[in-house]
Amino acid sequence: MTPTTAPSSWARRTGPVDPAALDAVDAWWRAANYLSIGQIYLLDNPLLRHRLSRDDIKPRLLGHWGTTPGLNFLYAHLNRAIRDRDLNTLYVTGPGHGGPGMVANAYLDGTYTERFPQIDRTEDGVRALFRQFSFPGGIPSHASPETPGSIHEGGELGYSLVHAYGAAFDNPDLLVACVIGDGEAETGPLATAWHGNKFLNPAADGVVLPILHLNGYKIANPTVLSRIPEDELVALLRGYGHEPYVVTVGFDDETPQESHARFAGVLDAVLDRIADIKAAAAAGTLKGRPAWPAIVLRSPKGWTCPKVIDGLPVEGTWRAHQVPLAEVRDTPEHMRILEDWLASYRPDELFDVTGAPRPATVAVAPKGDRRMSANPAGNGGQLTVPLRLGDFRDHAHPVDPEARGTGTAEATRMLGKWLADVIRHNPDNFRIFGPDETASNRLAPPVFAATGKQWNAAVEAVDEHLAPTGRVMEVLSEHQCQGWLEGYVLTGRHGLFNCYEAFTHIVDSMFNQHAKWLEAARHVPWREPIPSFNYLLSSHVWRQDHNG
């Protein structure tokens, strides 16, 4: 049975956020941070019931702490907004190496235990949660197919935003909250992906909320966007067609309560703006392409970890990127620092005597499919509706193989006629993606008789086949075509990527990433199979012409 998710209300909020709601956000954030650190460091003593010893620490420490507290912060605040507004939300994390945070959040909202009953809500369950992380026979350190709610691993950076747009197409009630790492923002595919807003239809498609997370550093270097003047960054995002909202949290001895209150206000303003755009689009009163909101969140790298270790600054620097205390098993001083760090989240307030999260710890969690880790779009095979396909023989072109050299026929011209029928019979779950080659690959004119090319930028009199809604997506970036279709099929829909064979090698690496995701997903019992990724490669083998 295909699960259904009720549409988002896209409602505006009335009044400020209750301080008690922000206390609940903070409790969730502290618990997610604690569980994230535990996954990186702890083999035993999962709830700090006694002093840490060498035997409690993993012999090999792996993972990425630096991005994780920011991901947890955003997850907690989105939980509150989902509950307040009844939003249907998918969470895409560009810094997928913040995997311990994604696992921690899925555990807190209960989805993880539903998917993996052996990781129950007891002290033994927390111990098992920690031990499996980045361990043979356990789970990877990234937001992999084993992570509930994830469609994006982030192992190769640059594809979060294009995946987010692929997920939003034909999902009019879906909010895709896409966290973009400031290191990831330096890649070519991500820089191009900002243009996805020119292809999004406000009425027929969902909403992508880009959240550019500026924590300042990559592995060992500062990031470009964190070091340019803020007015230059704002101008860049406005040039991409967004309305940027900049918020800075966690610096200058600011209290968590102050950080939560400031960000909650910005998030509500952004969601109110989105609600206004969606309402105008539904009413037919929206004029032109909207400037969709984008959030710029500036927070310290490794936020809430020790500020100084061995006399060197850590929080807010590149030293927090992976494992801030790498020699903790053999350095008693580091052992005490780790113990104090874990204790700073006050785990006794967050977990009861059995090890279960206290009700106040998870009070901000949405219910059922509204949980981001349980959203059906994050396990898109649940939503797949089989394509209605006509008989290809109806479009056969009679060719006598014995009468050589007496006639002309082109396979893709025949395919275009068949695809036109596929489009007509599947008006909301099939699209064709390609880098400006639908016509040159001879799929037109039949395809363009059935649909237009979706386009929400300016249209001039000389243009042909451009339309606010269409089944064909053309942009001159193979990365965007590949990524859009990946996001589309990962959330349960169907599509075709047509491209000259000579240029598909541009996305070799992306294909490898997608193939590895599919291979891993086959071994996750609760992952439903997703539709195939279909390529039409042309201009190859027998006839190269100018594309040789």
If you look only at pairs with a residue in residues 91-105, which of them pass as a salt bridge (Lys or Arg N to Asp or Glu O under 4.0 Å), with sequence neighbours excluded?
-> none
With sequence neighbours left out, the residues meeting salt bridge (Lys or Arg N to Asp or Glu O under 4.0 Å) with Lys307 are Glu315
With sequence neighbours left out, what residues match Arg298 under salt bridge (Lys or Arg N to Asp or Glu O under 4.0 Å)?
->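 Listed in chain order: nothing, the list is empty.
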Lys/Arg N to Asp/Glu carboxylate O, Glu146 vs Arg115, below 4.0 Å |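 Answer for the salt bridge query: no.
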Aromatic ring proximity Phe73/Trp303, centre distance under 6.0 Å = yes
Taking the six-membered ring for Trp and the full ring for Phe, Tyr or His, determine whether the centres of Trp29 and His260 are under 6.0 Å apart.
->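 Yes - the distance between ring centres of Trp29 and His260 falls below the 6.0 Å cut-off.
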Taking all non-hydrogen atoms of both residues, which atom of Trp517 and which atom of Glu153 are closest, and how far apart?
-> CZ3-N, 3.8 Å
Between [X] (side chain only) and [Y] (backbone N and O only), is there a donor and an acceptor less than 3.5 Å apart?
{"X": "Lys58", "Y": "Phe130", "answer": "yes"}
{"X": "Arg527", "Y": "Val524", "answer": "no"}
{"X": "Asp352", "Y": "Pro357", "answer": "no"}

Just jot down the side-chain hydrogen bond (donor to acceptor under 3.5 Å, both in side chains) partners of Asp109, sequence neighbours excluded, or say none.
->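 Partners of Asp109 by the side-chain hydrogen bond (donor to acceptor under 3.5 Å, both in side chains) criterion, ordered by chain and then number, come out as Thr111, Ser373.
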Which residues satisfy the side chain to side chain contact (heavy atoms under 4.5 Å, CB included) test with Val247, sequence neighbours excluded?
-> Val249, Arg262, Phe263, Val266, Ile295, Leu297
Considering residues at least two apart in sequence or located in another chain, which fulfil the side chain to side chain contact (heavy atoms under 4.5 Å, CB included) criterion with Ser53?
->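 Listed in chain order: Asp55, Asp56.
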Side chain to side chain donor-acceptor pair (under 3.5 Å), paired with His152, selected from Glu486, Gln513, His163 =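 Option passing the side chain to side chain donor-acceptor pair (under 3.5 Å) with His152: His163.
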Contact check, side chains of Val475 and His195, non-hydrogen atoms, under 4.5 Å = no
